[in-house]
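From a predicted model like this one, the values you see are computed outputs, not experimental measurements.
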Amino acid sequence: MFATLSDRLTSTFKNLRSKGRLSEADIDATVREIRRALLDADVAVPVVRQFTGAVRERALSAEVSGALNPAQQVVKIVNDELVTILGGANRPLTLAKNPPTVILLAGLQGAGKTTLAGKLALHLKGQGHTPMLVAADLQRPNAVTQLQVVGERAGVPVFAPHPGNQGSEQDVVVGADPVAVAREGLATAKARQHDVLIVDTAGRLGVDAELMRQAADIRDAVDPDEILFVIDAMIGQDAVATATAFADGVGFTGVVLSKLDGDARGGAALSVASVTGRPILFASTGEKLTDFEVFHPDRMASRILDMGDVLTLIEQAERAFDAEQAEQMAGKLASGEGFTLADFLQQMQQLKNMGSMKKMLGMLPGMGQMREAIESFDEREVDRVEAMIRSMTPAERDNPKIINGSRRARIAAGSGMQVSDVNGLLERFAAAQKMMQQMARGGGMPVPGMGNLPGTGRKGRGRTAPSKKVKGKSGNPAKRAAQERAAADRAAGIAPAAPAAKGSAFGIGGPAPQQQDAFDPSSIEDLQKFLGR
């Protein structure tokens, strides 16, 4: 969503790092680039003026002129102002003292209210609440059916006494009263002891006075604790006019951004909180019911400035990973032994529960510079690796060394892959297993083509013990005969001859010369015959 804005701001700050001191001209040029970046992102013009004015005023003050690193100080100022226009601190939902807590969803047509109702219900269910959905959207075709499907997927009951519009072209359904449905839903929630009631209303335009009046009647009937304005994050500067119309006609206490995973410029997210004065509470980041997160202004500002969002990544990991299994796996990694393909498969499954790999990589600091590599990452590669591991037997997962050629062909056929893919998986796993074993022993990180770095690894701590040779008969006939004679001498009690000391090829440090026979002068005459003399 904020890729273009993030790239523009990052390139702007990069030009400041080479400057030891910032002049007024440097600050004006930086503010000018920030203004252009925000306008290109469809941020509302009043918000841009307020933002750039605050940044310029603080950048010219003493907090930058006296700083050791002015460029970093300017980045901090921009980050603080981004947090301010995004709403400041995060505000949780307001829960009623006497349940049920009533949450009313309102917004434009096509903003994604029905799907977001299921996401919010699943989110609250995970926190220990017992939510119920009310299908008060009787105008859009098949809206009631969609909410029932979403509620079934989320495992949340849906109160839908009226089928609503079943696909007819008429806008008004005979006998449909959204206000009565909402009132009956509140009574049912109290009777069934549900502590949260989420009312899904029909989409309406700000210029439609009749529908806006109907939304106000639903509000008066259920007296909601929270009125959440669901806004499409891709509509740009028009979000300001829409939010203002809803604030005047119905009123709302919080904002929910939907479709935040789109490729639009995202100006609505930076405008609506500042213009309406209402905080952004949640954000929808995908099509799945689990693609839903609490909106933190400081974390979103960090994402825009390419500083990552490690806290959200940690929270997702805590929800996806089992604490006991993670502790057992940490013990295996620390010992360097016992880590098998079955453990690797278990880790991959828990990693998939966290969501998209691209989104997780995007939460790491500095990943904006690797955006093209992240976008080209194939999410299906994880599924292919999982298919190959699942095609193995339990014995093969525990001991990959037994996987020979025929087994590799069977695994490739069972997973729909090639034998080369299986070979690559086993090679990567063997390298990872070796690296973990070396790190567990306190060795250094292996460098390809260089072995261990000096002073690291097992060889750095001392000399290795020489390998023991297996005793047995030699394959050389002469050597085998010598071994048999030595064995016979030992059996007869004859002491073996002392072995000759080892020396160099040039005789240095070699054995003492043995006594030779007397020199025969006739040998010279025989030698002269061969020399032709």
Correct closest heavy-atom pair for His194 and Pro100 would be O-CB, 3.0 Å
Gap between atom CD1 of Ile103 and atom CG of Asp225 - 0.5 Å precision: 8.0 Å
Atom pair CZ/CG of Phe252 and Leu105 - distance to nearest 0.5 Å: 13.5 Å
From CG (Leu197) to NZ (Lys190), nearest 0.5 Å: 10.0 Å
Between Gln50 and Ser274, which heavy-atom pair has the shortest distance, and what is it? OE1-OG, 3.6 Å
Using a cut-off of 6.0 Å, state whether more than 12 heavy atoms not belonging to Asp248 lie near its atom CG. yes
His129 side-chain N/O to Leu124 backbone N/O, donor-acceptor pair under 3.5 Å: no
Side-chain donor-acceptor pair present, Asp137, Thr201, cut-off under 3.5 Å: no
Heavy-atom nearest pair, Ala121 first then Pro131, reads O-CG, 3.5 Å
Minimal non-hydrogen separation, Arg410 against Met392, with atom names: NH2-CA, 4.0 Å
Measure the spacing between CG of Leu122 and NZ of Lys119 and express it to the nearest 0.5 Å. 10.5 Å
Run the side-chain contact (heavy atoms from CB on, under 4.5 Å) test on Arg91 and Leu281 for me, step by step, so that the C-alpha distance in whole Å, both residues' side-chain angles and the decisive distance to 0.1 Å come before the verdict. CA-CA 6 Å; Arg91 181 180 74 81; Leu281 302 184; 3.6 Å; yes
I'd like to know whether Val255 forms a side-chain contact (heavy atoms from CB on, under 4.5 Å) with Leu228, so could you lay out the CA-CA distance, the side-chain angles of the two residues, the decisive distance to 0.1 Å, and finally the verdict. CA-CA 5 Å; Val255 179; Leu228 300 184; over 6 Å; no
What's the separation between atom CG in Asp200 and atom NZ in Lys113, rounded to the nearest 0.5 Å? 6.5 Å
Applying side chain to side chain donor-acceptor pair (under 3.5 Å) to Thr52 and Arg32, what does each step give before you reach the verdict? CA-CA 8 Å; Thr52 54; Arg32 190 181 307 113; over 6 Å; no
Look at the aromatic rings of Phe246 and Phe229 and report parallel, tilted or perpendicular, splitting at 30° and 60°. tilted
Are there more than 12 heavy atoms of other residues, nucleotides or ligands under 6.0 Å from atom CD of Gln127? yes
Matching residue for Phe51 among Val43, Val78, Thr84 - test: side chain to side chain contact (heavy atoms under 4.5 Å, CB included): Val78
Closest heavy-atom pair, Leu39 versus Val45, reported as atoms and distance to 0.1 Å, is CD2-CG2, 4.2 Å
In terms of heavy-atom contacts, Pro297 and Gly87 come closest through CG-C, 4.3 Å
Starting at CG of Asp217, measure out to CZ of Arg183 and round the result to the nearest 0.5 Å. 9.0 Å
